[in-house]
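Here is the structure we will look at, set down as structure tokens.
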There are 2 protein chains.
Amino acid sequence: MKLITRDTDYAIRALCFMAENENGVTSVSELVQKLKIPGPFLRKILQALNKKGVLASFKGKSGGFKLRRKPKEIFITDLIEVFQGPLKLNRCIFKKKLCPSMDKCILKKRIGEIEQRVVSELGLITVASLLRRGKNGEIFK
Amino acid sequence: MKLITRDTDYAIRALCFMAENENGVTSVSELVQKLKIPGPFLRKILQALNKKGVLASFKGKSGGFKLRRKPKEIFITDLIEVFQGPLKLNRCIFKKKLCPSMDKCILKKRIGEIEQRVVSELGLITVASLLRRGKNGEIFK
DNA sequence: CTAATTGATACTATTTTAGTCTCATTTAAA
DNA sequence: TTTAAATGAGACTAAAATAGTATCAATTAG
Ligand code: FES
Ligand code: FES
């Protein structure tokens, strides 16, 4: 049961790095050096984030990517949705047979509730909240 | 993000059926007819449940399987564990780099908390709780 | 005896995840 | 103005997880 797949994982790492690299443009090759993530794969990931409006891209020599929003406005649920589709744990177990009826199904209801909790908990986590903190606990950037 | 894979799903259906078929032994071929699940696959699933002590098996003509415990003592978390391994959403995102330290990591801590909730919510669901209920809401069997 | 059953286990197919490769386009800087 | 370092786009491949099949042996009711 994976809550976070590898592409989401790499995206989080890259975004955290870029968040600390404020206002600078970061190239894939720099990220590859620092984070040791396979280059072509990371590139594909950043391109996807660009398309989805999380990153801005700059072509040509000394180009790269930078955050388009503030770290505290980038939620990891956004990233999960980009790479893993809509945040759903839910799905119908019994097709027709056995299950009394869609809206009465206890299992479906319970899994729906669990899903709601997971989503709302995850919804609190931003890139900013994953950065290093000061000694008084304040979040940088 | 699948909380329940197909084998767990089929196991739940089969166990619900068998729970209603109380004290009788149910063969794979009967289940296949009623539930329209691929036979060999279902057989493999029931054999696994037998090994794990959820079902008892009876060989030979008119053999089959029956529940070894009461429906209200069979938790769907048990089934998830049989087919999908230990109930863990958690996993380390940052290896060495970036993440301040194992025990301080906010992401890891939060995902751990979410996991705990999921597990405890799921832990309330039993086979009995998925069966049809009487008009006063009492759980049969 | 024999047909219907499970036990054990190897095998295959499909889908999802994780990646690579290549060619075109852009652009800063020598 | 040439060139090297970037991204854009998309096809391609590899590996792992999921979903199943197939086969042969052992058991047992009738
Ligand atoms: S499991 Fe799908 S409606 Fe109950
Ligand atoms: S992500 Fe693994 S310890 Fe922080």
Side-chain angles (χ1 to χ4, degrees), chain A residues 1-14 18 24-33 35-68 79-80 82-86 88 91 93 95, chain B residues 1-14 18 24-33 35-68 79-80 82-86 88 91 93 95:
Chain A
M1 229 178 356
K2 246 181 307 188
L3 198 55
I4 290 178
T5 55
R6 197 111 80 173
D7 32 22
T8 306
D9 167 337
Y10 289 164
I12 295 173
R13 297 194 212 190
M18 295 168 83
V25 168
T26 313
S27 72
V28 169
S29 55
E30 184 180 356
L31 287 164
V32 165
Q33 287 194 338
L35 305 180
K36 322 249 193 249
I37 290 174
F41 192 32
L42 180 56
R43 206 174 140 207
K44 193 167 73 168
I45 289 167
L46 298 189
Q47 285 180 347
L49 292 174
N50 177 40
K51 279 193 182 165
K52 296 287 182 173
V54 176
L55 292 176
S57 79
F58 302 89
K59 289 169 96 172
K61 197 159 183 172
S62 81
F65 298 87
K66 74 181 239 197
L67 302 190
R68 205 189 295 234
L79 308 179
I80 291 177
V82 169
F83 299 106
Q84 308 177 40
K88 286 239 156 292
R91 122 189 142 75
I93 299 289
K95 294 156 194 158
Chain B
M1 230 178 355
K2 245 179 311 189
L3 197 56
I4 289 177
T5 55
R6 196 107 77 159
D7 33 22
T8 305
D9 167 338
Y10 289 163
I12 295 173
R13 298 195 212 188
M18 295 168 83
V25 167
T26 312
S27 71
V28 169
S29 55
E30 185 180 354
L31 286 165
V32 164
Q33 287 194 338
L35 306 180
K36 322 250 193 246
I37 291 173
F41 192 32
L42 181 56
R43 207 176 137 204
K44 193 167 73 168
I45 289 166
L46 299 190
Q47 284 179 348
L49 292 173
N50 177 41
K51 278 193 183 165
K52 296 287 182 172
V54 176
L55 292 176
S57 79
F58 303 89
K59 291 168 97 172
K61 197 160 183 170
S62 81
F65 298 87
K66 73 180 237 197
L67 303 189
R68 205 187 296 233
L79 307 179
I80 291 178
V82 168
F83 299 106
Q84 310 176 39
K88 286 235 154 293
R91 121 188 142 76
I93 298 288
K95 294 157 194 157

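Just so it is clear, the model here is predicted, and its values are computed rather than measured.
- Of all the residues in residues 47-63 of chain A, A:Lys59, A:Gly60, A:Lys61, A:Ser62 reach under 4.0 Å from DNA chain C with at least one non-hydrogen atom.
- Considering B:Val25, B:Val28, B:Thr26 as possible partners of B:Phe65, the one that fulfils the side chain to side chain contact (heavy atoms under 4.5 Å, CB included) test is B:Val28.
- The 5' end of DNA chain C is approached more closely, in terms of each residue's nearest nucleotide, by B:Val28 than by the other of B:Val28 and B:Lys44.
- No contact: A:Gly39 has no heavy atom under 4.0 Å from any strand.
- In this structure, A:Ile45 and A:Ala11 approach most closely via the heavy-atom pair CG2-CB, 4.0 Å.
- If B:Phe83 and B:Leu42 are placed on DNA chain D by their nearest nucleotide, the residue sitting closer to the 5' end is B:Phe83.
- Among the protein residues, B:Pro38 comes within range of the sugar-phosphate backbone only, with heavy atoms under 4.0 Å from sugar or phosphate atoms but none that close to a base.
- In terms of polar N and O atoms assigned as donor or acceptor, the side chain of A:Arg6 never comes within less than 3.5 Å of the base of C:dG19 in a complementary pairing.
- Residue A:Ser29 places no side-chain N or O under 4.0 Å from the OP1 or OP2 atom of D:dA5.
- When the P atom of C:dA18 is taken as reference, atom CD of A:Gln84 falls 8 Å away, rounded to whole Å.
- In this structure, the CG atom of A:Leu31 is 17 Å from the P atom of D:dA5, given to the nearest Å.
- Taking every side-chain heavy atom of B:Arg43 into account, C:dT6 is the closest of D:dG20, C:dG19, C:dT6.
- Between B:Tyr10 and D:dA19 there is no side-chain polar atom (N or O) within less than 4.0 angstrom of OP1 or OP2.
- The distance from atom NZ of A:Lys66 to atom P of D:dT7 is 15 Å, rounded to the nearest whole Å.
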